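These numbers were taken from a predicted model, which means no experiment stands behind them.
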Amino acid sequence: MTIRVLLADDQALLRSAFRVLVDSEPDMEVVGEASDGAEAVRLAKEHGPDVVLMDIRMPGTDGLAATRQIGADPSLAQVRVVILTTFEVDDYVVRALRAGASGFLGKGSEPDELLNAIRVAAGGEALLSPAATKGLIARFLAGGDDGDGPDPARSERLGTLTGREREVLVLVAGGHSNDEIAERLAVSPLTVKTHVNRAMAKLGARDRAQLVVIAYESGLVRPRMD
């Protein structure tokens, strides 16, 4: 199956470089290019891409607003947004993850990392490495989130989770992969994936990235200083 990719960046030179890279892969194709967020949303509706590579800072409608619009549109539920950022984690990235982004990637990443990110996002997984997750947690510690405490609505939804699903969610929020969680709990990775998928469905999370945010917003997991 060919992965359909939409590029959204206000720099034409970068879009051209990304297009050449993506189109060079036999399992990928670029279906459109946008120079701002509004155009990205319009092209997403028009072409129905599997993955949008979204620059977070663009003139007019920025990548954050565009990600929020895509995440809120039921007709675009299959679209995965990967945020391209100069910094690994900042306030914009935290907000983008809340808005429905599947993860983020630094603009300085190697070509193979970018291509792998597209495949991972298209497969429904989140681009949150343990290092990136720790960075995200650090933003909560520094007050990078918009809230002043646990979200009551999120906390209430936690009551629908089974004990094992809550246990898995805590480990996901710690940046552990399915394989690592399976080893800790002495179960198969497939069983872990099932628990993760059920937790996503019950909590209304689009993907693993939002699960991490929900775990902290709900108060299930509290960041601590190491």
query: Are Val31 and Met28 grouped together when hydrophobic residues (ILVMFWY) are joined by side-chain heavy atoms under 4.5 angstrom apart?
result: no

message: Run Arg4 and Val51 through side-chain contact (heavy atoms from CB on, under 4.5 Å) and show every step you take.
response: CA-CA 6 Å; Arg4 297 161 54 80; Val51 177; over 6 Å; no

query: What distance separates Phe18 CZ from Asp23 CG, expressed to the nearest 0.5 Å?
result: 13.5 Å

message: Whether the side chain of Glu39 engages the backbone of Ser35 through a donor-acceptor N/O pair (distance < 3.5 Å, no angle test) should be reported.
response: yes

- line: Here the gap from Leu14 atom CG to Leu7 atom CG, rounded to the nearest 0.5 Å, amounts to 10.0 Å

query: Do Thr191 and Ser188 have side-chain N/O donor and acceptor atoms under 3.5 Å apart?
result: yes

field: Gln69 side chain near Thr61 side chain, heavy-atom distance below 4.5 Å
entry: yes

query: Taking the side chain as C-beta and beyond, is there a heavy-atom pair between Ile83 and Asp55 under 4.5 Å?
result: no

field: Validation row: Leu53, Leu6 side chains within 4.5 angstrom (heavy atoms)
entry: no

message: Counting C-beta onward and ignoring hydrogens, is there a side-chain heavy-atom pair between Val192 and Asn178 closer than 4.5 Å?
response: yes

- prompt: If Ile, Leu, Val, Met, Phe, Trp and Tyr residues are connected whenever their side-chain heavy atoms lie under 4.5 Å apart, and connections chain through other members, are Val30 and Val20 in the same group?
  reply: no

- prompt: Any side-chain heavy atom of Leu169 within less than 4.5 Å of one from Leu158?
  reply: yes

field: Smallest separation among heavy atoms of Leu76 and Ala44, with atom names
entry: CD2-O, 3.6 Å

task: For Ser109 and Leu105, indicate whether the former's side chain and the latter's backbone hold a donor-acceptor pair under 3.5 Å.
output: no

field: Worked verdict on Glu29 versus Val22 for side-chain contact (heavy atoms from CB on, under 4.5 Å)
entry: CA-CA 6 Å; Glu29 66 172 339; Val22 172; 6.0 Å; no

- prompt: Hey, what do you get for CZ (Arg164) to CZ (Arg198), rounding to the nearest 0.5 Å?
  reply: 12.0 Å

task: Report yes if some heavy atom in the side chain of Val5 is under 4.5 Å from a heavy atom in the side chain of Asp50; otherwise report no.
output: no

message: Looking at Lys202 and Leu161, would you say the former's side chain and the latter's main chain have a donor-acceptor pair under 3.5 Å?
response: no

message: Out of the candidates Ile70, Leu84, Val82, only one should pair with Met54 under the side chain to side chain contact (heavy atoms under 4.5 Å, CB included) rule; please name it.
response: Ile70

- request: For Glu183, look at atom CD and say whether over 12 heavy atoms of other residues, nucleotides or ligands are found less than 6.0 Å away.
  value: no

Charged N-O contact under 4.0 Å between Arg119 and Glu25: yes

message: One thing to verify: whether Arg184 and Glu180 come together as a salt bridge, which I'm taking to mean a side-chain N less than 4.0 angstrom from a carboxylate O.
response: no

- prompt: Are side-chain heavy atoms of Val168 and Val196 found at a separation under 4.5 Å?
  reply: yes

- prompt: Stepwise, does the salt bridge (charged side-chain N to carboxylate O under 4.0 Å, His left out) test hold for Asp10 with Arg15?
  reply: CA-CA 8 Å; Asp10 62 325; Arg15 293 200 311 272; over 6 Å; no

- prompt: Atom OG1 in Thr162, atom NE2 in His195: separation rounded to 0.5 Å?
  reply: 6.5 Å

- prompt: Which pair of non-hydrogen atoms, one from Ala8 and one from Ala40, has the smallest distance, and what is that distance?
  reply: CB-CB, 3.8 Å

- request: Enter the distance from Glu165:CD to Leu203:CG here, rounded to the nearest 0.5 Å.
  value: 8.5 Å

- request: Search all heavy atoms of Ser102 against all heavy atoms of Arg80 and return the closest pair with its distance.
  value: OG-CD, 3.1 Å

- prompt: Any donor-acceptor pair under 3.5 Å linking the side chain of Glu46 with the backbone of Leu43?
  reply: no

- request: Without swapping roles, check the side chain of Asp36 against the backbone of Asp62 for a donor-acceptor pair under 3.5 Å.
  value: no

statement: Nearest heavy-atom contact between Val79 and Pro49 is CG2-O, 3.3 Å

